[in-house]
Structure formats: C-alpha cells, structure tokens
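Both ligands and their constituent atoms are indexed starting at 1 by order of listing. Nothing here was measured: the structure is a model prediction, and the numbers come from that model.
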Amino acid sequence: MIKVNEHFLKLQSSYLFSEIARRVNAYQADNPDMSVIRLGIGDATQPLCPACLDAFHAAVDEMGREATFRGYGPEQGYEFLREKIARYDYGERGVEISPGEIFISDGAKCDTGNFQEIFAVDIKVAIPDPVYPVYLDTNVMAGRTGSFDNGRYGDVVYMDCTADNGFLPDIPDEPVDLVYLCFPNNPTGAVPTREYLARWVDYARENRAVILYDAAYEAFIRDDAIPRTIYEINGAKEVAIEFRSFSKTAGFTGTRCAFCVVPEDCVAYDSAGNSHHLHDLWNRRQATKFNGVSYPVQRAAEAVYSPDGRKQTREMIDRYMANADRITAAMDELGFSYTGGKNSPYVWVDVGTDSWEFFDTLLTKAGVVCTPGGGFGKCGNRYVRFSAFNNYKNVDEAMNRMAGIF
Ligand code: PLP
C-alpha cells in the first residue's frame, strides 16, 4: 500500500493569502464601485528595466539560431552571471567570494526551502516569529518538528521578534544547530547592525552551527552603516549561507532568477564528528535535482550589473522606497508605531488590536488591503504589514483614505 509522508499532514493550511483574497472578493462583490487598493502582497509591480529587456530579447534571438543555440546549461549557473555577482555584489564591497561559491537558481523560495535537505533530521532548528513561512514549513515536511499545538510546532526553537528586542531575534538559551535569519526582514522590515550579526556569527562558530541568511531584500538598504551581506562579518564564511534574489532587486518575480552563496569554508559534521563541506553537498544536490535557469533569464539577470542596468534598477528601488516613505509618513501622522520602511519595502505597524480585526476595518471603511501580521506567526497578532510594492498614486490615495478613518 502506498503511504504518504505523514509530516505533510502536520502542515497548517496556507490560509493567509487565500483568506485575504476571499475577504477582498466578498467586499468587492458588495461594493462594485469601490476601487480597492492592495498594499498586502509583496510582489513587484514595475516592469523589467530596459537594460534587462534588451539582454533578454537578444538572448531569445540567440536561441533561435543554430550557431548560438544553447541546450542544457551548467546546473550551478553560467559563469558570466556568477562572475558578475562575485564582482559587483561582493568584490566591490570588499568581500571576497569566488564565482565557484555562487549557485544560480530559479528563486530564493526554492533555495531557502531546499537547503535544509542537506542537514540531518535530528538537528535543532531556530526560526524567528514572525517569519516568511517557507523556513518553517519545509522543516515540518522534512520531519524536524512535532505536531502543531497552540499555534506552534513542537521541537522548533521559536525566536520571538517583538518591540522589546527591536524585532531582532535573540540568541536562544538552548543550543541550536541551524538558524534562519532574514534581513531586511519580511515581514517586519527590521535591519541588523554589524555588531548584532557578529554576535550570531560568533555563536555559530563557537557552537558549530550554521546560519541560513536570507538577504532577498538587500537592494532596499539605503543606510551604509547596515551590512549588505553577512560576509562583511569576520568569520561568516565558515558558518553562513547567503540567499539573494533578482525578484525584488530587479522585478524578476515572474521571470525567476536568484542565487545562493555557499562558501568553500562552510562545513557540517557527520555522526562520527568528521566535517563535510556544504559546498560539495549542495553542488551534489543541485546537480541531481536541478537543471539550471534558462539562458535568456540568466542573460537578463546579468544585465542588472551593466552600467545602465545598475542605474535603472536603482531607480526602480527608489520608486518603491518613495512609496515606503509615504506609508511611514502617514503612520507618523496617525500616531501608529511601526518598524521597517526605511531600508525595506515593508512597514510593520503596531495596530494594538487583533490583526484580522484591523484588516477588516481598513478594508470595509477605506477599501485598502494590508496583510494581517497573525499570518506570519504568533508574535504578529497585533501587527499588520504594509507593502510598498504598488505605484505612488495608489499608495498616496490609500494613505489619504486611511487618514480619513483614523
Ligand atoms: N525570501 C523572502 C524573505 C521573501 O519574502 C521572498 C518572497 O516574497 C522570497 C525569499 C522568495 O523570493 P523568490 O521570488 O526569489 O523565490
């Protein structure tokens, strides 16, 4: 008899965005003349920039000629893209990462979700609350957690992120082996200092732990004092894997291209205490299960690093950040306390009441959609997330409507 992986049965239904859609659709059906403004979901809204489009088109044309046609590419990604990433994202910032340490993929979702596969099932995992749900659910699927009771899975070390710790997870009291960190954070928009990250790197080195560092929103950092990569911290190359994406950096959410950095020095141990290079294990995993990102998409991603591409993607981010500025200015005026929005496209607002209740009020009185924080974990119950992914006109209108009801 065929049997299911029963760990999947522990998963809670992914209710957040479907429930938001259900409530918005019901409201729209009752109020057909109302133009609903969506500041909920974190999806890019601006089109690909001209530099990326030109490279994309040219590469598609290459695929149509026998002399320049390409079949399977390297599972790790084309050298032309890995070399640009190493040079511009790291080398220019004084961080030495070789192209061979970079793995191109079709998304940071897949990478952050898949990476746990190369670790043992009986390790202790530390996960922030609130959190981007992929880290938690993929560990549930892998069988690293107990069942779901009282809003939390057993055997997970949850790291509460609250106003008390500035939404920066504290190092747990009990020993942990694998730590998920995400900065700038989704959903809170919080960003770390170098000193804060150094404490985690020291912890990981002393305890032979590994940090999975999700920097999908790195491009939104405007303040030079904030680390753009965990590898700015001494010793991080021994203990940290970094995930990046072109999704939010360059509007590739529908085009799909991302990468992770697995430094040669990073190791984990077998039950006899022998060390193994994560780079080799991840390379083996990718070569077995992944066949690379399409050639035109990698050429489009490469164009992000051309002089025009850098300028155009910076302008794109600036436009989103003007929206974030409009949202934080409105929160200041309305007297809501919040975090994020300064070096992040997300504004995490303390609404002082149940997050779904606030969501309903905002939708039904103003026709504005936010994301209820409770959907990201227990610690999000009193918060909502506003996303800057929209156009300025809509964001401005949404904030004006909000000012009219609060
Ligand atoms: N990591 C975080 C924190 C995210 O918020 C998202 C998408 O919203 C992703 C990763 C996924 O990125 P990608 O589009 O590259 O899969």
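A heavy-atom separation below 4.0 Å is found between Tyr217 and ligand 1.
From the protein, the heavy atom lying nearest to atom 9 (C) of ligand 1 is Tyr132 OH, 3.2 Å. In terms of protein heavy atoms, atom 1 (N) of ligand 1 is closest to Asp214 OD2, 2.7 Å. For atom 7 (C) of ligand 1, the closest non-hydrogen atom of the protein is Lys248 NZ, 3.3 Å. With respect to atom 14 (O) of ligand 1, the closest heavy atom belonging to the protein is Ser247 OG, 2.6 Å.
Between Tyr135 and ligand 1, no N or O atom pair is found at a separation short of 3.5 Å. Between Arg256 and ligand 1, at least one N/O pair is under 3.5 Å apart. Among the atoms of Ala108, some N or O lies under 3.5 angstrom from an N or O of ligand 1.
Near Asn186, the atoms of ligand 1 lying under 4.0 angstrom from a non-hydrogen atom of the residue are 3 (C), 4 (C), 5 (O). In summary, the atoms of ligand 1 found under 4.0 Å from a heavy atom of Gly107, numbered by their order in the structure, are 15 (O), 16 (O). Counting the atoms of ligand 1 from 1 in the order shown, those under 4.0 Å from a heavy atom of Cys182 are 3 (C). Listed by atom number, the atoms of ligand 1 under 4.0 Å from Ser245 heavy atoms are 13 (P), 15 (O).
With a 6.0 Å radius and a threshold of 12 heavy atoms from other residues, nucleotides or ligands, Lys365 has its NZ atom at or below the threshold. Within 6.0 Å of the NZ atom in Lys109, the count of heavy atoms belonging to other residues, nucleotides or ligands does not exceed 12.
Closest of all the heavy-atom pairs between Tyr158 and Asp129 is CD2-CB, 4.2 Å.
There is a side-chain donor-acceptor pair under 3.5 Å between Arg284 and Thr288.
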Pair Tyr346, Phe386 - check ring-ring contact (aromatic ring centres under 6.0 Å, His included), show working. CA-CA 6 Å; Tyr346 296 125; Phe386 285 100; over 10 Å; no
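Note on Lys289 versus Glu117: salt bridge recorded, some NZ/NE/NH1/NH2 to OD/OE distance being below 4.0 Å. With respect to the salt-bridge test (charged N to carboxylate O, under 4.0 angstrom), the residues Glu19 and Arg23 qualify.
Taking the ring centroids of Tyr320 and Phe389, they lie under the 6.0 Å cut-off.
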